[in-house]
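Because the structure is predicted, anything quoted here is derived from the model rather than measured.
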Amino acid sequence: MVSGGGTNLQAVIDGIRDGRIENARIGLVLSGNADAYALERAGKAGVKTAVVCKRDFPDAEVRADEILRVLNAAETDLVVMAGYINILHPRVCRAFAGRIINIHPALLPKHGGEGYFGIRVHEAVLLAGDRES
């Protein structure tokens, strides 16, 4: 699941391609943002994509239904949140309990939320004087 540029997604694609990540394949890239460059990265790698965004599914319950429908249709075993900036509905979390990995470049919740993506996260970590990111 992605929302932005897809650098984390690209690292996973590359890791699978060069064998650093074994016994894995990306069955679907789901985005909450129709304009996410990550969708282009997925397309270039031959990976199926889907978009489930707030604009098209403003009701959180209906959006959760669609996310679950798309993930189940792709026979998803593991959900990797690779820069997905939306909060997952509790039903999605329950459906994939123990099978969700969240990749985020900083310690949450201290350096997360609105505006915390990309280099901004690391700048906030440095500004706070934290030693880990």
Side-chain angles (χ1 to χ4, degrees):
M1 296 181 77
V2 299
S3 292
T7 55
N8 286 321
L9 170 64
Q10 190 64 57
V12 174
I13 291 168
D14 294 345
I16 292 170
R17 186 178 295 140
D18 68 21
R20 286 176 290 144
I21 300 173
E22 298 178 359
N23 301 316
R25 70 174 183 83
I26 302 170
L28 172 74
V29 170
L30 189 150
S31 180
N33 173 10
D35 298 322
Y37 184 69
L39 295 169
E40 288 187 42
R41 291 179 190 270
K44 289 177 185 176
V47 177
K48 180 180 171 185
T49 63
V51 176
V52 180
C53 60
K54 290 180 184 179
R55 181 185 67 233
D56 296 335
F57 298 91
D59 181 271
E61 294 293 330
V62 175
R63 192 167 53 254
D65 289 341
E66 182 64 6
I67 289 170
L68 286 168
R69 186 193 69 72
V70 169
L71 292 176
N72 288 327
E75 299 179 344
T76 304
D77 294 320
L78 177 68
V79 174
V80 178
M81 311 280 288
Y84 187 74
I85 62 170
N86 299 310
I87 296 172
L88 276 184
H89 192 283
R91 286 192 297 116
V92 177
C93 294
R94 280 192 300 273
F96 289 92
R99 300 183 296 142
I100 300 174
I101 298 171
N102 186 19
I103 299 172
H104 190 278
L107 302 173
L108 293 173
K110 187 173 182 183
H111 300 293
E114 189 72 32
Y116 281 88
F117 57 88
I119 192 68
R120 294 178 187 166
V121 173
H122 303 293
E123 290 169 345
V125 168
L126 292 172
L127 244 151
D130 291 335
R131 297 175 49 94
E132 291 183 300
S133 179

* **Distance, nearest 0.5 Å, that separates CD of Glu66 from NE2 of His89** => 14.0 Å

* Counterpart residues, salt bridge (charged side-chain N to carboxylate O under 4.0 Å, His left out), relative to Arg20 (two or more places apart) ->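 Result, salt bridge (charged side-chain N to carboxylate O under 4.0 Å, His left out) vs Arg20: Asp18.
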
* **Rounded distance [0.5 Å steps], CG in Asn33 versus CG in Leu39** =>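 It is 7.5 Å, given to the nearest 0.5 Å.
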
* Asked: In a check of side-chain contact (heavy atoms from CB on, under 4.5 Å) between Val29 and each of Val12, Leu9, Val51, which one passes?
  -> Leu9

* Report the residues that fulfil side-chain hydrogen bond (donor to acceptor under 3.5 Å, both in side chains) with Arg120, sequence neighbours left out, ordered by chain and then residue number. =>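 None.
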
* To do: Rounded to the nearest 0.5 Å, what's the gap from CG on Leu88 to CZ on Arg94? Could you check?
  =>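 The CZ atom of Arg94 is 12.0 Å from CG of Leu88, to the nearest 0.5 Å.
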
* Does any non-hydrogen side-chain atom of Val92 lie less than 4.5 Å from one of Val79? ->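 No, every pair of side-chain atoms sits at 4.5 Å or beyond.
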
* Asked: Are more than 12 heavy atoms from other residues, nucleotides or ligands located less than 6.0 Å from atom CD1 of Ile87?
  ->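 It does not: Ile87 CD1 has 12 such atoms or fewer within range.
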
* Partners of Arg63 by side-chain hydrogen bond (donor to acceptor under 3.5 Å, both in side chains), sequence neighbours excluded? -> none

* To do: Working to the nearest 0.5 Å, report the span between OG1 of Thr49 and CD1 of Ile26.
  =>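 One finds 12.0 Å between OG1 of Thr49 and CD1 of Ile26.
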
* **Spatial distance of atom CD1 (Ile67) from atom CZ (Phe96) [nearest 0.5 Å]** => 10.5 Å

* Report the distance from atom CE of Met1 to atom CD1 of Ile101, rounding to the nearest 0.5 Å. =>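 Met1 atom CE to Ile101 atom CD1 measures 14.0 Å (nearest 0.5 Å).
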
